[in-house]
Structure formats: C-alpha cells, structure tokens
2 protein chains.
Amino acid sequence: MLHEEVVGRIRAILLDGEIPPGARIPERELCERLEISRTPLREALKVLAAEGLVQLLPHRGSRAAKLTDKDMRDLFEVCQGLEALAGELACERITDAEIDAIATAHAAMVQHYRDGDLIQYYRGNRAIHEAIVTAAGNPVLAGLYTSVTARIRRARYVTPMTPQRWAFAVKEHEAILNALQRRDGVGLAHILRAHLRHKREEVLQAGFAETEGGDLTLRIA
Amino acid sequence: MLHEEVVGRIRAILLDGEIPPGARIPERELCERLEISRTPLREALKVLAAEGLVQLLPHRGSRAAKLTDKDMRDLFEVCQGLEALAGELACERITDAEIDAIATAHAAMVQHYRDGDLIQYYRGNRAIHEAIVTAAGNPVLAGLYTSVTARIRRARYVTPMTPQRWAFAVKEHEAILNALQRRDGVGLAHILRAHLRHKREEVLQAGFAETEGGDLTLRIA
DNA sequence: TTTTGCATTTTTGAATGCAAAATTTGGAAT
DNA sequence: ATTCCAAATTTTGCATTCAAAAATGCAAAA
C-alpha cells in the first residue's frame, strides 16, 4: 500500500467519524486493520496532523482533532474567502459545458429539496460548490479548499434544518447559478460569502456539539 | 530533537535554498547533519511534501519541489485571496496599538526605501504584511498564509526592481496603511489585491528562473 | 475510605536491519 | 565509438527491535 493511500484511508476513517473527535488513535489496532507496521502509520499520522485532522501530543500519542467554536469560526471565515476567490476565478475561466453541468446538478439538487431528501440535497450542494472550485482552475486553491472543508465537515455538526432556512438556501443557490451563468465574478463572490456566512451562523448557533458519541443523523426541525 | 523541530530545520534548509529546487534530497547526509536516523527524517519529509515544499517520487526518493510558472501563478492568486481576506478581517479587529505598530514599521520601511536598501526594505515589507495577517486574528488563515508565502519565497525569484516599480510599491503601501487607519476593509482588500497582482506580474514577467545554482542576490536594475 | 508513593506494564519515539526497487557500472556486440 | 544488456551497487520503503517516557495498578499510610 502506497503512502498516499495510507493517508487517504486514515483520513476517511476520521471523516467518517469512526474515530470521534478527541478520541485517542489506537496505533496498534489501526496497524492490524490496515495491515501495515507502525512506521508508515506514524508517517501518515504526522501528515494528517499537519493538515489539522490529528493532534499530536509528544510522548502521549495522537488524538483525532477536536474543534473549538473558535476553530470552527476561523475555518468558516477562511472557507468564505476561498470560495469567494474561487467564484471570481471560475467566472473568468469556466466553460459553457461546465456551466451546463452545474445547472444540471443544481436542478437535481432542487428536486431533492422538493422531495425533502436532505441527505441527497447536501450531497448535491457539495458537488456544486466543488464544481465551482474546480472551475477556478487553480489546484493550489482546490487543495486548500478540500483541506478546510474536510476539517469543517469533520466537526459533524448537525444543524437542525428548518423549512425557512432550507428554502432560503435554495434561493441563494439560484442566485449562485445565475451569477455563474452571467459570469458575474464579483456578484458570485458576494453571494457565496453570504451563503457561507448564513451557514456558519446556523452551525455556531446550533453549537455543533462535538461530543464523542455524537449522533450523525441529519435532522429536519 | 522534537518532531516539529526536525520539520522546521529541514524547512529552513529548503527555504534558504541550501538544497535548490529540483535537487535530490540526500537522506543519509541530512541524517548525519541533523544527527537523527532515517525514520524521523522521513516523517518530516512526508510532512513537508504535504506542505508542497518537497516532492516525493515513489521508490525514487524525494526532491526539493520545483515550481512551474503555473504553480507560481496559482500560488499568487491564492495569496491574493488570503491577504484580501486578512485585510478585511484586520480592519474589523485591529487595535489602535497594532495600527500604531504597523505605522512605525511602515515609516521604517519608507526610510529603507529612501536609503536604497532593498534587502531591509523587503524585510520591512514582509513584516507589515505579516502584521496585517496576524491582526486578522484567525490562526487558520495565518497558517495557510505562512505556507503559501513560504512556497512562493522558496522560488527565489529575483525581480530586477526598477526605480519606478519601487516608487509605485511604496505608494501602494501608503494606501495600505491609510486604509488600515480608516479601517476600510473593502478598500484595503482591493489595494492588497492590486499590490500582489503587480508583484505577480513582475515575478512572472521576469521568469523567476528556478535554476539549480541560481543566484540569490537582490538586484536593482 | 481516600490518597500517596512505588513498581510494573504499556506505549511512544527512534535506530537498525532486511527485502525490493532503481540506478549505476562494466563489458560485449554491433 | 556507440549502444545495449546484465551484474553490482546504492537507495528506498517497511518491519522489527530497543530505549525512554507515560500510564496503570497496587499496596501502604493517613
């Protein structure tokens, strides 16, 4: 198994919440499970620590990183900046085909909204944001975005989605698609920022309780 | 020696250009020099690879990362976004004392400009930008900024600084300080973006020739 | 019953050793 | 002289091993 693959698999374990935030990472167990020895495992853990997903305590092992409210706020702030930048760049560089693909994804997402399928809605939502970042054509930006969103998602916050908020989010997405189609970079940046600011407010207001055995289910309040 | 220290020392070696971009990283030599064995060294190299300073080639060792023009462009673009964000946040959060400190640093930098001391000027310049990022009060942002600027600086580009360009850069810095003092976040963001865009154009135009034994001296054309 | 000090066990962090892969070297054939 | 191929050497990647640090458990004392 290649180094990058080891990193990827542990990252997945963390993102899936299989090892909850704050929990110790059992080296021996992971070694057995991944069928590797401690050396490559530890190399991977150090990389993930640099990414912010793992916390290394000298001589006291590693833990799955636990985010504070402040961390969460900071991450959202950066994410806003990255998405706004991506939106501006995307408007300069996106192809018609890419716009069409996003429009299709948008329509599918709206259908999930109408169906009341929150999980599929979130999935589609994410795909759209990622498509915009990809369309920006900047791998450095894409890398940072992936890393930051992973850390946010890692904090398995569960905001109770209200019908009003949901409806509003969909409206915002209409505006996002519209700005993209008009290739209005500045406008898109503004909308994306506002969109994320709202999301952040919801999340922080809900307290995104990062508890050990926290439940993962998406709720509709 | 602690893990973080090993990473730091190797990073310094790379940033100093002691191992030039594209050159192989001699594991054995570095081990002897840092007086550590290969295990911790390799852990550090993997972390630096995740940061983008080192390139790992499976079964073929590691090299100091070499940036293409595209990489450089991407890094500058992201840097612009990060600084703009930092500027906006800084205007919301900066204290009077911090503004005073930056004003002092600015004055010192202008004096270096008048003295024609390019090295000191660059040093002061960097300090100001870093102070703005710090004033944003967002460690996540600060971390990304550090990492991105390190990679840019790593590409020891040497733009021949012309008197006109230098004078213009100083003018821009006056505007930066002014916007900060007025706490005009949007304005500051714009200025910072333009400032970096100009810098990028200079660098890319100069070709930032990333040659093995490239000279490190700062020039005034 | 709770707390403190010490011995034991476990776990971490690093060095060494070994097998596999790649590079280099040397020689032969064209 | 050049090119191609095979052997030798070097280097990589990982498993194992070893020393040190921290956690645990237990007994004795308050």
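Every chain is numbered from 1, with letters handed out A, B, ... down the list of sequences.
- Mapping A/Arg24 and B/Glu27 onto DNA chain D by nearest heavy atom places B/Glu27 closer to the 5' end of the strand.
- Here the C1' atom of nucleotide D/dA23 and the CZ atom of A/Arg28 are 15 Å apart, to the nearest Å.
- By the neighbour-count criterion of 12 heavy atoms within 6.0 Å, atom CZ of B/Arg93 is densely surrounded, having more than that number from other residues, nucleotides or ligands.
- Salt bridge absent: A/Arg165 and A/Glu201 never bring a charged side-chain N and a carboxylate O closer than 4.0 Å.
- With respect to B/Arg11, the side-chain contact (heavy atoms from CB on, under 4.5 Å) criterion is satisfied by exactly one of B/Val7, B/Ile13, B/Leu14: B/Val7.
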Full working for salt bridge (charged side-chain N to carboxylate O under 4.0 Å, His left out) between B/Glu130 and B/Arg126: CA-CA 6 Å; B/Glu130 278 169 6; B/Arg126 211 182 120 191; 3.2 Å; yes
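- Counting only Watson-Crick and G-U wobble pairs whose two distances sit under 3.5 Å, DNA chain D takes part in these stems of three or more pairs: C:1-30 with D:1-30.
- The closest donor-acceptor contact from the side chain of A/Arg63 to the backbone of A/Leu57 lies at 3.5 Å or more, if one exists at all.
- Between the CD atom of A/Glu32 and the P atom of D/dA15 there is a distance of 13 Å, given to the nearest Å.
- Nearer to the 5' terminus of DNA chain D, by closest-nucleotide assignment, is the contact made by A/His3 (compared with the other of A/His3 and A/Arg38).
- When the shell of 6.0 Å around CZ of A/Arg183 is examined, it contains more than 12 heavy atoms from other residues, nucleotides or ligands.
- In this structure, the CG atom of A/Leu57 is 14 Å from the C1' atom of D/dA23, given to the nearest Å.
- Checking side-chain atoms of A/Glu32 against main-chain N and O of A/Glu29 turns up no donor-acceptor pair under 3.5 Å.
- A perpendicular orientation is assigned to the rings of B/His173 and B/His129, their planes being inclined by more than 60° (bins at 30° and 60°).
- Taking the 5' to 3' direction, DNA chain C first and last meets chain B under 4.0 angstrom from a heavy atom at C/dA14 to C/dT23.
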